[in-house]
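Only one structure is covered here, and it is reproduced in the block below.
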Amino acid sequence: MTIEEIKYRAQAKAFAKVISLSCDYDRADRDVTNNNTGGVTIDEIKAIRDGIAKDKEVWDYIYKLIELDK
């Protein structure tokens with residue numbers, strides 16, 4: 001595999017992760033808004049949502065680094 005192929009695949013994987021985390025965050029945020037806890041506390045849902053937001057920041061950064069490495 002060439003370096004260009006590796007970079008392309010890495011970029012695609014990072015972008016997919018960012019999109020996935022965005023969907024997870026939106027779902028958790030709706031659960032907080034609608035008080036939909038499903039057996040856990042609202043504070044636990046908020047902690048999950050906040051953790052997802054932090055992960056998304058990291059993956060956004062990784063994606064940008066890959067973008068700049070062209």
Side-chain angles (χ1 to χ4, degrees):
M1 197 176 338
T2 68
I3 190 69
E4 289 80 21
E5 290 172 318
I6 293 169
K7 287 179 184 180
Y8 175 78
R9 292 172 68 113
Q11 180 184 10
K13 285 182 178 285
F15 184 71
K17 186 68 174 179
V18 168
I19 296 301
S20 175
L21 287 168
S22 292
C23 293
D24 291 346
Y25 179 87
D26 291 343
R27 189 176 315 111
D29 196 48
R30 273 193 312 274
D31 287 344
V32 168
T33 301
N34 298 326
N35 201 27
N36 182 19
T37 60
V40 296
T41 67
I42 196 70
D43 289 334
E44 290 170 325
I45 297 288
K46 288 178 181 178
I48 290 167
R49 180 195 60 191
D50 296 345
I52 292 168
K54 289 177 185 175
D55 283 347
K56 185 179 174 304
E57 284 183 60
V58 171
W59 278 102
D60 280 335
Y61 180 75
I62 291 168
Y63 178 76
K64 288 175 187 169
L65 287 176
I66 294 167
E67 276 287 301
L68 294 174
D69 187 36
K70 289 190 174 185

Same hydrophobic cluster for Tyr63 and Leu21, using side-chain heavy-atom links shorter than 4.5 Å among ILVMFWY?
-> no
Test applied, side chain to side chain donor-acceptor pair (under 3.5 Å); reference residue, Arg27; option that passes from Asp29, Asp31, Asp24 | Asp24
Please round to the nearest 0.5 Å and tell me the distance separating atom CD1 of Ile62 and atom NZ of Lys17.
-> 10.0 Å
Give a yes or no on whether the backbone of Asp69 and the side-chain of Lys7 come within a donor-acceptor separation of less than 3.5 Å.
-> yes
For the hydrophobic clusters of this structure (ILVMFWY residues joined by side-chain heavy atoms under 4.5 Å, transitively), does one cluster hold both Ile48 and Val18?
-> yes
Interatomic distance, Tyr8 atom OH to Ile66 atom CD1 [nearest 0.5 angstrom] | 12.5 Å
Note: Ile45 and Ala28 closest approach over all heavy atoms is CG2-O, 3.8 Å
Kindly compute the distance separating CG (Leu68) from CG (Leu65), expressed to the nearest 0.5 Å.
-> 6.5 Å
Could you please spell out the steps behind the side-chain contact (heavy atoms from CB on, under 4.5 Å) verdict for Val32 and Arg49?
-> CA-CA 9 Å; Val32 168; Arg49 180 195 60 191; 3.7 Å; yes
Of all heavy-atom pairs between Ile42 and Thr37, which one has the smallest distance, and what is that distance?
-> N-CG2, 3.8 Å
Is there a path from Tyr25 to Val58 through hydrophobic residues (I, L, V, M, F, W, Y) whose side chains come within less than 4.5 Å of each other?
-> yes
Please round to the nearest 0.5 Å and tell me the distance separating atom CG of Asp50 and atom CG of Asp43.
-> 10.5 Å
From CD (Glu57) to NZ (Lys54), nearest 0.5 Å | 8.5 Å
In Å, rounded to the nearest 0.5 Å, how long is the span from NZ of Lys56 to SG of Cys23?
-> 10.5 Å
